[in-house]
S.K.: 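I have a structure here, written as structure tokens, and I will follow up with some questions on it.
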Amino acid sequence: MGAPSHTTTWGRALWALLLTTLGSVASQPLGGESVCTAQPLAKYSITFTGKWSQTAFPKQYPLFRPPAQWSSLLGAAHSSDYSLWRKNQYVSDGLRDFAERGEAWALMREMEAAGEKLQSVHEVFSAPAVPSGTGQTSAELEVHSRHSLVSFVVRIVPSPDWFVGVDSLDLCDGDRWREQVAVDLYPYDAGTDSGFTFSSPNFATIPQDTVTEITSSSPSHPANSFYYPRLKSLPPIARVTLVRRRQNPRAFVPPAPGPAGAGGGNEIVDSLSVPETPLDCEVSLWSSWGLCAGPCRKLGAKSRTRYVRVQPANHGAPCPELEEQAECVPDNCV
């Protein structure tokens, strides 16, 4: 056979270049995401701080059976092809059980299965529950250059299906790991229960809805526990801080920023930074007018009443008069 032509050689070279290019593109993250080229492993401490106080969230604040508190924190270090939860998307069955009842087993099995089958979860981590609305809990986690994203959820207790959390927070910044990251957290509705208040009875959402953020005006219903029409936005109900831990045990690791005087306990004693959310008085509708009482041939008086539904707090609007009288002509005079 004769030597391959110049055209054939050039075609093979072009084909090889095309295959190389396609292989390179296939190995990149989807959606134009940046590639993490930092050293393979990094360890972090994660500290969750509850800011759910009666001062910041006075409306229907749970004081007993059960009082305001936080569930255990459950999360994962993962790659971009895994999602624990995402705004405007449906939650999994495991996350539904966690958001509604605090049951973590199904959600943990889902995360572990994603790690075993898809190799998308590097590590599952958890932190203990917080027995009050203003407390702290912490844990340690490990991330990998191919699993540099962190997601977690914490259930708001009591609530229908409300939670706080982080979705796919990237701890890698190009060729280095972030030293410290702090994120304010706000409430979300898992879309599986239609209750409006912290203590609402179970009322399944059929069909299931997507995850939505709860704001001071949404859901736009006065009965909602987070409905504060005077606020442009809710204050943070919690905060999470992640601090990178050095491999060298003698290296100095800056402590995670926390409230002054918090010490080693769960309670936050620094209340100076807690915002005061004004809560206006809410009253019922007027009752029907009472009977007109008075002597014959003279004007009498009738009255109606209303009652306080929500007491004002934090310099909110005071309650109006609860009784009103009006002149009338007696029907049955004496």
S.K.: Charged N to carboxylate O below 4.0 Å: is that the case for Arg96 and Glu103?
M.R.: no
S.K.: Can you see which heavy atom on Val143 is nearest to which on Tyr44, and at what distance?
M.R.: CG2-CE1, 3.8 Å
S.K.: Are the charged groups of Lys87 and Glu213 less than 4.0 angstrom apart, N to O?
M.R.: yes
S.K.: Using a distance-only test with no angle check, is there a side-chain donor-acceptor pair under 3.5 angstrom linking Ser194 and Thr205?
M.R.: yes
S.K.: Can you see which heavy atom on Thr277 is nearest to which on Leu231, and at what distance?
M.R.: CG2-CD1, 3.4 Å
S.K.: Hey, could you give me each pair passing side-chain hydrogen bond (donor to acceptor under 3.5 Å, both in side chains) that has a residue in residues 149-160? Not counting sequence neighbours.
M.R.: His78-Ser151
S.K.: Using a distance-only test with no angle check, is there a side-chain donor-acceptor pair under 3.5 angstrom linking Arg86 and Ser168?
M.R.: yes
S.K.: If the plane angle is over 60° it's perpendicular, under 30° parallel, otherwise tilted; pick one for Tyr228 and Phe57.
M.R.: perpendicular
S.K.: Run the numbers on Asp189 and Thr212 for side chain to side chain donor-acceptor pair (under 3.5 Å), then give the verdict.
M.R.: CA-CA 5 Å; Asp189 187 321; Thr212 55; 4.9 Å; no
S.K.: Judged by modelled atom types alone, do Gln60 and Thr197 share a side-chain donor-acceptor pair under 3.5 Å?
M.R.: no
S.K.: Please identify which of these residues, Lys43, His147, Arg245, meets the side-chain hydrogen bond (donor to acceptor under 3.5 Å, both in side chains) condition with Glu142.
M.R.: Lys43
S.K.: Over all heavy atoms of both residues, which pair between Pro312 and Ala317 is shortest? Give the atoms and the distance, please.
M.R.: CB-O, 3.4 Å
S.K.: So does Arg306 have more than 12 non-hydrogen atoms from other groups sitting under 6.0 Å from CZ?
M.R.: yes
S.K.: How about Leu285: does its CG atom have over 12 heavy atoms from other parts shown lying under 6.0 Å from it?
M.R.: no
S.K.: Could you tell me if the ring centre of Phe198 sits under 6.0 Å from that of Trp52?
M.R.: yes
S.K.: Looking at every heavy atom in both Ser138 and Ala127, which two are closest together, and how far apart are they?
M.R.: O-CB, 3.6 Å
S.K.: For Ser217 and Ser220, does a side-chain donor sit closer than 3.5 Å to a side-chain acceptor?
M.R.: no
S.K.: Whether the Thr192 and Glu100 side chains hold a donor-acceptor pair (N or O, under 3.5 Å, no angle test) is what I'd like checked.
M.R.: yes
S.K.: What's the shortest heavy-atom distance between Phe48 and Leu73, and which atoms?
M.R.: CB-CD1, 3.9 Å
S.K.: Report yes or no: do Thr49 and Gln136 form a side-chain donor-acceptor pair below 3.5 Å?
M.R.: yes
